[in-house]
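Notes follow the structure.
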Number of protein chains: 2
Amino acid sequence: MNIGNAAEATSLPTKTIRYYEDIGLIKPDRAENGYRDYSDDDVHRLRFLQRSRSLGFTIEECRTLLSLYDDEGRASADVKRIAREKIQKVDEKIAELQSLRSTLKVLVKNCHGDQRPDCPILDDLAGRNTAKSA
Amino acid sequence: MNIGNAAEATSLPTKTIRYYEDIGLIKPDRAENGYRDYSDDDVHRLRFLQRSRSLGFTIEECRTLLSLYDDEGRASADVKRIAREKIQKVDEKIAELQSLRSTLKVLVKNCHGDQRPDCPILDDLAGRNTAKSA
DNA sequence: CTAATCCTTCCAGTCAATGGAAGGTCAAGC
DNA sequence: GCTTGACCTTCCATTGACTGGAAGGATTAG
């Protein structure tokens, strides 16, 4: 299977697939003409990568997950730990964004938003503290 | 004021301050010895940058906000629109992370997490669909 | 035969910094 | 006066995870 078909089969851009090869996540065969030739197993691994990346795992985490996937003797506890850590990171990120959101909400609420040049949002960003921000 | 003091006054690393100069967000004077010399106004702008960056505005948005800040005749509506758009982007990001989180939760819940090699998380990532993921 | 499409490699750019090397300057202590 | 250490300068490379584009070879459709 050429790279274009592999791309279609995995919803990954060809650029990304070549990049994954570059960093050693996948090693397709080569056809006689030099084209990459993806086996079903390669496509399988690419889908694994697509899904784990879309779940927010970093490339290095994906590399670990793939190696656990390859390791018939792995303990599922290892995988579970990685996933738990990821959930915690996601939770932290969500909390951060929510706090940020509430600050922005306060700023927007206090801004009259018309043609007048005075603006509580800018005042707050400048540290002038006219809007009661978080 | 030297860059070290400006850094302390703004909670920004010196590296970052120099970077902001590089991309044209600030233009401090130079002392005779070649050292950067930050005025109170420079420090003010740096604080503005620190705060707007920490609220999640991109550098280009900060550049726009700064120019609106400099523009005595600006309309506060312009600023309000930018802030509103940012809130929407934050909302989208939060929703994305929450969906991701719930998928991860399902995976972790279905994984027995012991020494056994079979792992529903890996099965799911591989597309084997043994865990009921989102 | 030609044109379009696909494939190859390699280099550069993204975003917002951050790290480090090589070297100049300054203030304190002896 | 000299040394030490802290501070400053510039320049170059790296991060993460791709993405864009150029230059050129291979394949396919008509």
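Below, chains carry the letters A, B, ... as their sequence lines are ordered, and counting in each starts from 1.
- Counting any heavy atom pair closer than 4.0 Å across all strands shown, A:R36 reaches sugar-phosphate atoms only and no base atom.
- Closest to the B:N2 side chain, of the nucleotides D:dC8, C:dA17, C:dC10, is D:dC8.
- Which of D:dC18, C:dC7, D:dT19 sits closest to the side chain of A:I59 comes down to D:dC18.
- A:T58 comes within 4.0 angstrom of sugar-phosphate atoms only, judged by non-hydrogen atoms across all strands, and of no base.
- No engagement by A:I23 is indicated, since no non-hydrogen atom pair under 4.0 Å with the nucleic acid exists.
- The side chain of A:T16 places an N or O atom within less than 4.0 Å of a non-bridging phosphate oxygen (OP1 or OP2) of D:dT19.
- A salt bridge is defined here as a Lys NZ or Arg NE, NH1 or NH2 lying under 4.0 Å from an Asp or Glu carboxylate O, and B:D40 with B:R45 fails to meet this definition.
- In this structure, the nucleotide among D:dT9, D:dC18, D:dG21 sitting nearest to the side chain of A:Y20 is D:dC18.
- When distances are taken from the side chain of B:K15 to each of C:dG19, D:dT19, C:dC7, the shortest belongs to C:dG19.
- Classified by interplanar angle (parallel below 30°, tilted 30° to 60°, perpendicular above 60°), the ring pair B:Y69/B:H44 is parallel.
- Of the listed nucleotides (C:dA17, C:dT8, C:dC7), C:dT8 has the atom at the smallest distance from the side chain of A:R18.
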Audit row: B:D29, B:R36, salt bridge (charged side-chain N to carboxylate O under 4.0 Å, His left out) steps and yes/no: CA-CA 6 Å; B:D29 285 343; B:R36 289 169 178 82; over 6 Å; no
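- Between B:F57 and B:T64, the closest side-chain pair of non-hydrogen atoms is not below 4.5 Å.
- With C:dT25, C:dA17, D:dT27 as the candidates, the nucleotide lying closest to the side chain of B:N33 is C:dT25.
- Here the side chain of B:R53 is nearest to one of D:dT10, C:dA16, C:dT8, namely C:dA16.
- Here the nucleotide nearest the side chain of A:Y35, chosen from C:dT18, D:dT27, D:dT9, is D:dT27.
- Within the structure, a side-chain polar atom (N or O) of B:R30 is placed less than 4.0 Å from OP1 or OP2 of D:dT10.
- As judged by a 4.0 angstrom heavy-atom cut-off over every strand, A:F57 is placed among residues making no nucleic acid contact.
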